[in-house]
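Structure record follows, encoded as structure tokens.
Residue indices begin at 1 and follow the sequence shown. Whatever order the structure lists ligands and atoms in, that order sets their numbers, starting from 1.
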Amino acid sequence: MALDGKTAIVTGAAMGIGKAITEILLKNGAKVAVLDVNKVEGENLVKDLNKEYGADRALFLSCNVESDEEFKAAFQKAAEAFGAIDILCNNAGILNEEKWQDMISINLAGVIRGTYLALEHMRKTNGGGGGVIVNIASMAGLGPLLTCPVYTATKHGVIGFTRAVAAASAASNYGIRVNALCPSFVGTELFTTIEHKLGQFAHLKGAANQLVEKLGVLNTPEVAECILELVTDETKNGEAFMVRTEMKGYVPFPSLSSTDKP
Ligand SMILES: NC(=O)C1=CN([C@@H]2O[C@H](COP(=O)(O)OP(=O)(O)OC[C@H]3O[C@@H](n4cnc5c(N)ncnc54)[C@H](O)[C@@H]3O)[C@@H](O)[C@H]2O)C=CC1
Ligand SMILES: CCCCCC(=O)CC\C=C/C=C/C=C/[C@@H](O)[C@@H](O)CCCC(=O)O
């Protein structure tokens with residue numbers, strides 16, 4: 001899918017990885033609806049982006065991905081402003097093991113909520129033009145991050161959901177691909193403020209720091225680059241793409257056919 005003239009919705013787009021994804025989509029010719037709970041950051045960002053990329057290329061919509069009503073209204077407004085939606089990036093997420101129910105509600109249920117809304121708007125069997133969804137998971141969706149058991153669970157959930165809904169979309173001729181992006185550590189506010197958000201396993205933070213030392217820290221444009229790959233390569237559906245400082249690529253999963261033995 002070429003991006004020129006396409007329209008996108010990015011959640012949690014006021015800062016961090018979502019902001020970088022918004023910028024790379026704009027640079028490549030798309031229009032972007034910036035959804036976020038942070039109105040001040042979101043509105044300021046959109047003002048700057050429209051100065052840089054042209055009037056009305058970006059649109060801020062206040063939206064908490066935990067709210068069905070707000071999410072639905074944001075999709076409606078974006079569709080009215082842009083004509084149609086071609087791309088959804090479910091990026092909004094938090095890390096706070098002390099507020100673990102909120103993490104499930106935002107990181108996993110928010111992705112499901114956004115995906116189901118996008119299927120309604122975009123699926124060819126409902127008058128839509130098809131499109132692509134990218135869910136921001138994490139390397140913690142592929143293996144355990146021991147200081148963060150619930151964060152790990154939400155990201156494993158995002159990958160499982162992505163793979164299943166991708167297969168269901170293909171089998172239903174929706175014309176919508178769904179893929180997941182799995183970055184290792186990225187230097188955003190989420191990463192720099194974890195100190196007081198690790199809950200009962202905060203005493204294990206030394207182990208997490210060792211993993212950071214080993215894996216290094218990505219910057220947000222490096223992560224955003226990978227979005228282009230997942231959006232534009234029409235052969236990819238139900239994939240998880242891992243990005244680390246020293247390597248990136250599609251993650252192989254076991255096939256688990258009925259004849260396989262453990
Ligand atoms: N920073 C990292 O090391 C990594 C982050 N990720 C994932 O990338 C995504 C983005 O994370 P970062 O940019 O690092 O975080 P960040 O904290 O820098 O930015 C998150 C953005 O999401 C917004 N947001 C939070 N809750 C929201 C809600 N309920 N509804 C709408 N917007 C909401 C915030 O206002 C903020 O603008 C998350 O899903 C995170 O789990 C994945 C791997 C590594
Ligand atoms: C504590 C800050 C979390 C920031 C948010 C993230 O999503 C970052 C996740 C980044 C990396 C997670 C890696 C987990 C890896 C484990 O499964 C480990 O077992 C893999 C070890 C890889 C290796 O040793 O090469």
Between Phe161 and Tyr116, what is the ring plane arrangement, given parallel below 30°, perpendicular above 60°, and tilted in between? perpendicular
Identify the protein atoms, limited to N or O, that lie within less than 3.5 Å of an N or O atom of ligand 1, and list each pair with its distance to 0.1 Å.
unit_1, atom_1, unit_2, atom_2, d
ligand 1, 1 (N), Val186, O, 3.2
ligand 1, 1 (N), Thr188, OG1, 3.0
ligand 1, 3 (O), Val186, N, 2.8
ligand 1, 3 (O), Val186, O, 3.4
ligand 1, 13 (O), Ile17, N, 2.8
ligand 1, 14 (O), Thr188, OG1, 2.5
ligand 1, 29 (N), Asn64, OD1, 2.8
ligand 1, 30 (N), Val65, N, 3.0
ligand 1, 35 (O), Asp36, OD1, 2.6
ligand 1, 37 (O), Asp36, OD1, 3.4
ligand 1, 37 (O), Asp36, OD2, 2.7
ligand 1, 39 (O), Asn91, O, 2.8
ligand 1, 39 (O), Lys155, NZ, 3.0
ligand 1, 41 (O), Tyr151, OH, 2.6
ligand 1, 41 (O), Lys155, NZ, 2.9

Grouping ILVMFWY residues whenever side-chain heavy atoms fall under 4.5 Å, the cluster of Val40 otherwise contains none
Taking side chain as C-beta onward, heavy atoms only, is Glu239 less than 4.5 Å from Arg163? no
Please tabulate, one line per pair, the protein nitrogen or oxygen atoms found under 3.5 angstrom from a nitrogen or oxygen of ligand 2, with distances to 0.1 Å, or say none if there are no such pairs.
unit_1, atom_1, unit_2, atom_2, d
ligand 2, 7 (O), Ser138, OG, 2.6
ligand 2, 7 (O), Tyr151, OH, 2.6
ligand 2, 17 (O), Gly143, O, 3.4
ligand 2, 17 (O), Pro144, N, 3.1
ligand 2, 17 (O), Pro144, O, 3.2
ligand 2, 24 (O), Lys214, NZ, 2.6

Where does the angle between the aromatic ring planes of His121 and Phe75 fall among parallel (under 30°), tilted (30 to 60°) and perpendicular (over 60°)? tilted
Go through the side-chain N and O atoms of Asn90 and Thr115 and say whether any donor and acceptor fall under 3.5 Å apart. yes
Measure from NZ or CZ of Lys236 to the centre of the six-membered ring of Tyr250, then state whether that distance is under 6.0 Å and the direction lies within 45° of the axis. yes
Just how far is it from atom CD of Glu80 to atom CG of Leu59, taken to the nearest 0.5 Å? 11.0 Å
If you measure only the distance, is there a donor-acceptor pair under 3.5 Å linking the side chains of Asn91 and Thr11? no
Taking only residues two or more places apart in sequence, or in another chain, which ones meet Lys205 in a salt bridge (charged side-chain N to carboxylate O under 4.0 Å, His left out)? Glu195
